[in-house]
Amino acid sequence: VQLQASGGGLVQVGGALRLSCVVSGSSSRNYGIAWFRQAPGKEREVVSYISSSGEYIYYADSAKGRFTISRENMENSVYLTMNSLQPEDSAIYYCAAADASGGGYLDSTDPDEYDYWGQGTQVTVSS
């Protein structure tokens, strides 16, 4: 299974970006998908998560009201639409997939729960 993240770039404060994560090698419907980010000198943190069915969604407090996660399983893709971007949103954004086929509880905020990671896409917000 491979994940390809894209859509990052340089935007001004208040701008918007839409990140894409394409899953290959397996159907994306088998996986819960999260977006994490990591800024220089900081730990990797979860931004948002969407379950394999799309019925459960989690947002970090920093993302609530500004970011929207969605998935299109027919396209094997998950998206993160980010609005009202701020300099503190600058980071490398990674998508990650957790195998949902076995069911059970998943701590969506724990990077160790995820089986596959994309390569990351850089988001830079200039003030």
Side-chain angles (χ1 to χ4, degrees):
V1 177
Q2 292 186 327
L3 281 68
Q4 181 72 39
S6 62
L10 173 64
V11 296
Q12 293 186 335
V13 169
L17 285 172
R18 187 191 196 210
L19 306 184
S20 299
C21 178
V22 178
V23 178
S24 61
S26 181
S27 174
S28 63
R29 66 180 71 249
N30 296 324
Y31 299 92
I33 305 288
W35 286 96
F36 285 79
R37 67 185 182 187
Q38 188 166 20
K42 295 188 176 181
E43 293 188 354
R44 190 169 297 190
E45 62 177 1
V46 69
V47 177
S48 185
Y49 168 84
I50 187 166
S51 65
S52 57
S53 66
E55 293 181 354
Y56 173 73
I57 288 176
Y58 168 88
Y59 292 106
D61 288 344
S62 59
K64 288 179 182 177
R66 300 188 300 131
F67 295 1
T68 302
I69 193 169
S70 61
R71 68 187 300 153
E72 292 289 345
N73 285 336
M74 292 296 291
E75 298 175 0
N76 260 10
S77 297
V78 173
Y79 305 99
L80 185 70
T81 302
M82 305 186 294
N83 295 310
S84 302
L85 285 164
Q86 302 298 313
E88 52 266 34
D89 295 316
S90 297
I92 299 175
Y93 283 69
Y94 300 88
C95 57
D99 190 342
S101 59
Y105 174 75
L106 170 73
D107 181 355
S108 58
T109 67
D110 184 356
D112 292 337
E113 293 274 38
Y114 293 87
D115 303 293
Y116 306 100
W117 290 81
Q119 85 290 357
T121 185
Q122 177 71 50
V123 172
T124 303
V125 184
S126 64
S127 57

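Only heavy atoms go into these numbers, but all of them, side chains included; no hydrogens, no water, no symmetry mates.
Closest approach of Thr121 to Gly7, counting heavy atoms only: OG1-N, 3.9 Å. When all heavy atoms of Ala100 and Gly32 are compared, the pair lying nearest together is CB-N, 4.2 Å. The two atoms that bring Cys21 and Leu3 nearest to each other are SG-CD2, 3.7 Å, heavy atoms only. The nearest pair of heavy atoms linking Asp115 to Asp99 is OD2-N, 2.7 Å. Shortest non-hydrogen contact noted between Gln86 and Ser84 is NE2-O, 3.3 Å. Looking at every heavy atom in both residues, Ile33 comes nearest to Ala97 through CD1-CB, 3.6 Å.
Ring pair Tyr116/Tyr31 is perpendicular by interplanar angle, where above 60° counts as perpendicular and below 30° as parallel.
Applying the side-chain hydrogen bond (donor to acceptor under 3.5 Å, both in side chains) test to residues at least two apart or on different chains, none of the pairs has a partner in residues 7-22.
Interatomic distance, Ser24 OG to Gln2 CD, rounded to the nearest 0.5 Å: 5.0 Å. The distance from atom OH of Tyr58 to atom CG of Asp107, rounded to the nearest 0.5 Å, is 8.5 Å. Here CH2 of Trp35 is found 14.5 Å from CD of Glu45. Values are rounded to the nearest 0.5 Å. Within the model, atoms CZ of Arg44 and CZ of Arg37 stand 13.0 Å from one another, a figure rounded to the nearest 0.5 Å. Here the straight-line distance linking atom CG of Leu85 with atom OG of Ser90 works out to 8.0 Å at 0.5 Å rounding. Separating the NZ atom in Lys64 from the OG atom in Ser48 is a distance of 10.5 Å, to the nearest 0.5 Å.
Evaluation of the salt bridge (charged side-chain N to carboxylate O under 4.0 Å, His left out) rule for Arg29 yields no partner, not counting sequence neighbours.
Residue Ile57 is not grouped with residue Tyr114 when hydrophobic side chains (ILVMFWY) are merged at heavy-atom distances under 4.5 angstrom, including chains of intermediate members. Under a hydrophobic-cluster definition in which Ile, Leu, Val, Met, Phe, Trp and Tyr are linked whenever side-chain heavy atoms come within less than 4.5 Å, directly or via other members, Val125 and Leu10 are assigned to different clusters. The hydrophobic cluster containing Ile69 also contains Val23, counting ILVMFWY residues as joined when their side-chain heavy atoms lie under 4.5 angstrom apart, directly or transitively. Grouping the Ile, Leu, Val, Met, Phe, Trp and Tyr side chains by contacts below 4.5 angstrom, directly or via other members, places Trp117 with Ile92.
Judged by distance alone, the side chain of Glu113 and the main-chain N or O of Leu106 form no donor-acceptor pair under 3.5 Å. A donor-acceptor contact shorter than 3.5 Å links the side chain of Gln119 to the backbone of Ala5. Checked by atom type and distance alone, the side chain of Tyr59 never pairs as donor or acceptor with a backbone atom of Gly65 at under 3.5 Å.
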Q) Taking it one step at a time, do Val123 and Met82 satisfy side-chain contact (heavy atoms from CB on, under 4.5 Å)? A) CA-CA 10 Å; Val123 172; Met82 305 186 294; 3.9 Å; yes
(Q) side-chain contact (heavy atoms from CB on, under 4.5 Å) for Cys95 and Tyr79? Distances and angles first, verdict last. (A) CA-CA 9 Å; Cys95 57; Tyr79 305 99; over 6 Å; no
Q: Go through Leu80 and Val78 one step at a time and tell me if the side-chain contact (heavy atoms from CB on, under 4.5 Å) criterion holds.
A: CA-CA 7 Å; Leu80 185 70; Val78 173; over 6 Å; no
Q) Taking it one step at a time, do Asn76 and Ser27 satisfy side-chain contact (heavy atoms from CB on, under 4.5 Å)? A) CA-CA 6 Å; Asn76 260 10; Ser27 174; 4.0 Å; yes
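Here the rule is side-chain contact (heavy atoms from CB on, under 4.5 Å) with Val47, and of Phe67, Tyr94, Phe36 only Phe67 fits it.
Counting heavy atoms of neighbouring residues, nucleotides and ligands inside a 6.0 Å radius, atom CD of Glu55 does not exceed 12 of them.
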